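Keep in mind the model is a prediction, meaning the values are calculated, not measured. In what follows, chains are A, B, ... by sequence order, proteins preceding strands, each numbered from 1.
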Amino acid sequence: MTLPDGTTHVVPSGTTAKELLRKYTRQNAHEILAVKVNGQPKDLNTSLTEDVSVEPITFASPEGKEIYRHSSAHIMAQAVKEVFPSALLTIGPPIDEGFYYDFDFERPFTPEDLEKIELRAREIIKANYPIERLEMSKDEAIQFFHDRGERFKAEIIRQIEDPQVSLYRQGDFIDLCRGPHVESTGRIKALKLLSSAGAYWRGDERNPMLQRIYGTSFPSQEELDAYLTKLEEIKRRDHRKVGKELDLFSIQDETGPGLILWHPKGALIRLQIENFWREQHLTQGYELVYSPHVARLELWKTSGHVDYYRDNMFAPMSVESAHYQLKPMNCPFHILVYKSHLRSYRDLPIRYAELGTVYRYERSGVLHGLLRVRGFTQDDAHIFCRPDQIEGEVKAVLTLTMHVLHRFGFTDCELYLSTRPEHAVGSQEKWEQATAALEAALQGGGFAYTIDPGEGVFYGPKIDLKIKDALGRAWQCSTVQVDFNNPERFGLCYIGEDGKEHQPIMIHRALLGSIERFFGILVEHYGGAFPVWLAPVQVQVLPITDKQHAYGQTVVHHLRRAGLRAELDARNEKIGLKIREAEKAKIPFMAVVGEREAQSATVSVRERGGVNKGVMTVSEVVDLVRSCMPSDELASVPQ
RNA sequence: GCUGGCGUAGCUCAAUCGGCAGAGCAGCGGUUUUGUAAACCGCCGGUUGGAGGUUCGAUUCCUCUCGCCAGCUCCA
C-alpha cells in the first residue's frame, strides 16, 4: 500500500483502510472521515485486497465536507422516518454549506417538526450506529424499496444503469446511496436543521411538490456556532434591511414590483459610482452614448429579441398604429450608432459605452430586493473591432474590470471561459478564432481562469468574472461576450485595407453588470459602512450647543468648498444623541464643535467606530478625509 | 409562475377563545444649552394591504386579489 507521504507498507489482504491508516499515519483517527483508494473516495472500513494508494479524507477537503454532510443528511432522513413514518424518501445530497433531504409528505414541515426531528437526529448520533455498506442487484433493490412503500427510491433505482447498487444501513434505517459515508453516526459532532421549504420532484414544476429540509453539520460545536454567527451577519447586512435603515432606496406597491426608487442618499452613492465609471471609460478610449427606452418593434425583430427573448420582455405598446417595445437590452441602439456612418478599418475599434436602463419581465417569484429586479441600469459597452483586435480589446477590458472592481474593495476574483454550446451560430472557424483570442487575452494578462465547456452564449464565447465579498460569498457581475450574430443580423461592415466590405466582431461587456444589483452587493459587502469616497455624507458637523451653530455652519462651508460632502446637525439635542445617530448612519467622520473648538477655530474629530482623532483645524480635516480616498493609477490607452 | 408562510401607525413590534386596536422609536409642540452611542413632558398618528362573505360583532374565521419573505426554476 502506498500512503500520501510516499511510504509503502505491506499488509495482509483484507486489511481495512482504517486499520492501515491507524497503524501508519500520525493523523488523528477522529479527523479521518473516509479514504481515497487509488483516488476514488471509499468508506474507512473498505477492505484492501490489492496494491493501491490510500489517502485519508478529512473535513478540511471539499470531498470530506461532502461525505460528512451526506452522512448528516442520512441521519436526518432516519430521524424523519422515525418521527413521521409516512414520509417517503427521495433524495438528500450535500450542498455548499450543508445538506438537504426531500421527502414526500402530506403537509409542509413546521418549525416544531424540525425541532422534533433535530432532537431525534441527536439521539441517532448519540446511539453511534455503525454505517454499513450493502450491495444488491438492481432488481433486489427495487423490490426492497417497493416492499417498504418507498416508490421514489424505486424510481431512482430503475434509472440507474449499473446492474448492482449500493445501500447504506445505520440501525434500522436503510437508504440507497453511492456513498461513501463516515463509519458511524457518532462521527457527526454538531448538526443543525435550518429551514424547510417546498421543492419539486426532480426540480420540475410539473412534478409533485416535495418537502425539503435544509441543515448543516460541522465537526465541532464551535465551527457550527461560527457558521450560525455568519448567517446572522448575512441577515444583519441584508441590503433590503440596510437600505431601509440608511434610507438608500425603496420598492413600493404603487410603483410595482422590481422597480427601484433611489432616495437621495442612495442616489448620491450611485452618482459616485457612475462618475468613477464614466471617468474610467473616457480614459480608456470609450465614447459615451445615450439611447431611448423604447424603440419600434421592428428593431427588436431585426435583433432577434422578438423571436428569442420575448418571454423576458414587457409587452409591446402601440402608438399611432406603430408598435413600440420597451428595451430589454442596449445593443441594437449602439449598433445603429455604428451604422450611422460608413466605417473604415482605421476607425476600429469603436467602443460605445452607456449606463443604459433596461426593462425585463421577471417572474414574480424570483424578484429579490436590488439583486433581481425588472428595471435596471446596465453598465454596458459594445466594442466593434476586427477579428485580430479581439485579443487586445478583451485584455484591456479585463484590466479595466480588475481596476474598477479593486476600487470597490473586491480583490478576490475568479474568471471563467465559456466555450461553444451545442446550439450556436457562426462557423466553427469563427468560434475557434474568437475562443483562442479570449484565451490569449486571459493568458497574456496573466489571469488565472477555469474553462466552462459548452457554457458560451449561442452567439459567441464569453468570459465571466466572479467576485468574493467580505463574507466570502461569490457574485457574478462582469461579463465579456463575443458576438457573431448581431453583426450578421444588422449587416454591419467596415471597409478594409483592400477596399472591400468586411464584417466587424462585436464584443458586449459589462463590468458591474447592473448598477442596482452591484449597489445591493456593495451595501452587503460594506455592511452599509461605505468607504469615504462613496459615503453620501463624509463629515457630520456636530455642535455641542446652539451657540456653536454659526461656527458649525462655517466649518460645513469650508468642507464643502474643499469638495467634501458635509452636513450640520443643528438639532436641539445632546452630543451623545447626535453621535449615536451619526454612527448609526455610518458616517465616516464626525466633527464635534463646542466652545473650545469655536474659540480656537478647530474641530474635534471622531472617526466612524469611535476612534478619537483629536482636535485639528478644518484644513487638517480636509487632508485627513482626502487621505482616505483612493487615488487612480490605471494608465490610459492611447487612442 | 408554483408551494408554504406573512401583511396592524413613517419604522420595529403587541393585542388571550371572535368582544372598546396598543407600545417604543420617528414626527410635531414645549422644557432643557448639553463634551463623544438614547435628556424630560405633552400631542398627533390606524378604513388592521384591498374587495367580498360568515357573524349581534372580524386584526382574529372563509373566498378572491395585491404585495412581501423562503424555496423550486431562471438570470444581470
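At a threshold of 4.0 angstrom between heavy atoms, the contacts of Glu607(A) with the nucleic acid are absent. Within the 4.0 angstrom heavy-atom criterion, base atoms lie near Glu595(A). Contact annotation for Glu583(A): base contact, defined as any heavy-atom pair under 4.0 Å involving a base atom. If you check every strand for non-hydrogen atoms under 4.0 Å, Gly594(A) touches a base. Within 4.0 Å of Gly365(A), counting heavy atoms only, lies at least one base atom of the nucleic acid. Counting any heavy atom pair closer than 4.0 Å across all strands shown, Leu577(A) reaches sugar-phosphate atoms only and no base atom. Here Gln211(A) lies out of heavy-atom contact (under 4.0 Å) with every strand. Looking at heavy-atom distances under 4.0 Å, Arg596(A) makes contact with a base. Here Ile575(A) lies in heavy-atom contact (under 4.0 Å) with sugar-phosphate atoms only. Here Glu516(A) lies out of heavy-atom contact (under 4.0 Å) with every strand. Contacts of Val358(A) with the nucleic acid, taken as non-hydrogen atoms under 4.0 Å apart, are absent.
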Using Watson-Crick or G-U wobble pairs with both distances under 3.5 Å, give me RNA chain B in dot-bracket, 5' to 3', with [ ] for crossers and | for pairs to another strand. (((((((..((((.....[..)))).(((((.......))))).....(((((..]....))))))))))))....

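Few gaps surround NZ on Lys578(A); more than 12 heavy atoms of other groups in view lie less than 6.0 Å from it. Annotation: Glu422(A), atom CD; neighbour count of heavy atoms from other residues, nucleotides and ligands within 6.0 Å does not exceed 12.
If you find the closest nucleotide of RNA chain B to Ser196(A) and to Arg571(A), the one lying nearer the 5' end belongs to Arg571(A). Across the interface with RNA chain B, nearest-nucleotide mapping of Val593(A) and Tyr361(A) shows Tyr361(A) to be the residue nearer the 5′ end.
Using atom C1' as the reference point in both G30(B) and C68(B), the two lie 40 Å apart (nearest Å). Separation of the P atoms belonging to C13(B) and G7(B) is 11 Å when rounded to the nearest angstrom. Rounded to the nearest Å, the gap between the C1' atom of G45(B) and that of G22(B) is 13 Å. Here the separation of U12(B) from A51(B), taken at their P atoms, is 23 Å to the nearest Å. Taking the P atoms as reference points, U34(B) lies 49 Å from A70(B), given to the whole Å. Distance noted for atom C1' between U59(B) and C75(B): 39 Å (whole Å). U60(B) and G18(B): their C1' atoms are spaced 6 Å apart (whole Å). Comparing G49(B) with G67(B), their P atoms sit 16 Å apart, to the nearest whole Å.
Atom NZ in Lys235(A) sits roughly 11 Å away from atom C1' in A70(B) (whole-Å rounding). One can place CZ of Arg509(A) at 14 Å from C1' of A76(B), the figure rounded to the nearest angstrom.
Taking 3.5 Å as the limit, the base of G49(B) and the side chain of Glu254(A) contain no donor-acceptor pair of atoms between them. Scanning atom types as modelled, one donor and one acceptor separated by under 3.5 angstrom connect the side chain of Arg372(A) and the base of C74(B). With hydrogens and angles left out, the side chain of Arg608(A) and the base of A37(B) share no donor-acceptor pair within 3.5 Å. Within 3.5 Å, a donor on the side chain of Asp546(A) pairs with an acceptor on the base of U33(B), or the reverse. A donor-acceptor contact under 3.5 Å is not formed by the side chain of Glu581(A) with the base of A26(B).
For Ala199(A), the side-chain atoms get nearest to G71(B) when compared with the rest of A76(B), G71(B), U73(B). Among A76(B), A37(B), U3(B), the nucleotide with an atom closest to any side-chain atom of Arg517(A) is A76(B). Checking A37(B), C72(B), U33(B) against the side-chain heavy atoms of Tyr214(A) singles out C72(B) as nearest. Nearest to the side chain of Val592(A), among G4(B), G71(B), G35(B), sits G35(B). Out of U36(B), U73(B), A76(B), the shortest distance to the side chain of Ser604(A) is found at U36(B). In this structure, the nucleotide among C74(B), U36(B), U34(B) sitting nearest to the side chain of Lys574(A) is U34(B). Ranking C2(B), C72(B), U34(B) by closeness to the Arg212(A) side chain, first place goes to C72(B).
In summary, the side chains of Arg270(A) and Thr377(A) do present a donor paired with an acceptor at a separation below 3.5 Å, with no hydrogens or angles considered. Residues Ser250(A) and His263(A) have side chains that bring a donor and an acceptor to within less than 3.5 angstrom of each other. Side-chain contact annotation: Glu354(A) with Tyr352(A), donor-acceptor N/O pair under 3.5 Å absent. Looking only at atom types and distance, the side chain of Gln481(A) has a donor-acceptor partner in the side chain of Tyr459(A) under 3.5 Å away.
The ring of Phe410(A) has its center no closer than 6.0 angstrom to the ring center of Trp475(A).
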Go through it in stages, so that I can follow the logic: the residues are Phe314(A) and Tyr361(A), the test is ring pair (Phe, Tyr, Trp, His ring centres under 6.0 Å), and I'd like the CA-CA distance, side-chain angles, deciding distance and then a yes or no. CA-CA 6 Å; Phe314(A) 278 75; Tyr361(A) 167 73; 7.1 Å; no

Between Phe376(A) and Trp262(A), is a ring pair (Phe, Tyr, Trp, His ring centres under 6.0 Å) present by the stated rule, with each step listed? CA-CA 12 Å; Phe376(A) 60 97; Trp262(A) 290 76; over 10 Å; no

The test is ring pair (Phe, Tyr, Trp, His ring centres under 6.0 Å); show your working for Phe408(A) and Phe518(A) and say whether it passes. CA-CA 10 Å; Phe408(A) 294 101; Phe518(A) 188 75; 5.0 Å; yes

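We find that Arg107(A) and Asp113(A) are joined by a salt bridge, their nearest charged nitrogen and carboxylate oxygen being less than 4.0 Å apart. Electrostatic pairing of Glu581(A) and Lys584(A) does not count as a salt bridge here, judged by no charged N lying under 4.0 Å from a carboxylate O.
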Show me the protein contacts with nucleotides 11-14 of chain B, counting only N or O atoms at under 3.5 Å.
from: U12(B); atom 1: OP1; to: Lys244(A); atom 2: NZ; distance (Å): 3.3

Under 3.5 Å, which N/O atoms of the protein pair with N/O atoms of nucleotides 61-68 of chain B?
from: G67(B); atom 1: O2'; to: Asp253(A); atom 2: OD1; distance (Å): 3.0

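Separation of atoms CD1 (Ile251(A)) and CG (Leu370(A)) is listed at 5.5 Å; rounding is to 0.5 Å.
Geometrically, Arg69(A) does not engage Phe99(A) in a cation-pi contact defined by less than 6.0 Å to the ring centre and at most 45° from the axis.
Side-chain nitrogen and oxygen atoms of Arg363(A) include none within less than 4.0 Å of the OP1 or OP2 phosphate oxygen of C75(B).
Within the 3.5 Å criterion, the main-chain N or O of Lys586(A) finds a donor-acceptor partner in the side chain of Arg608(A).
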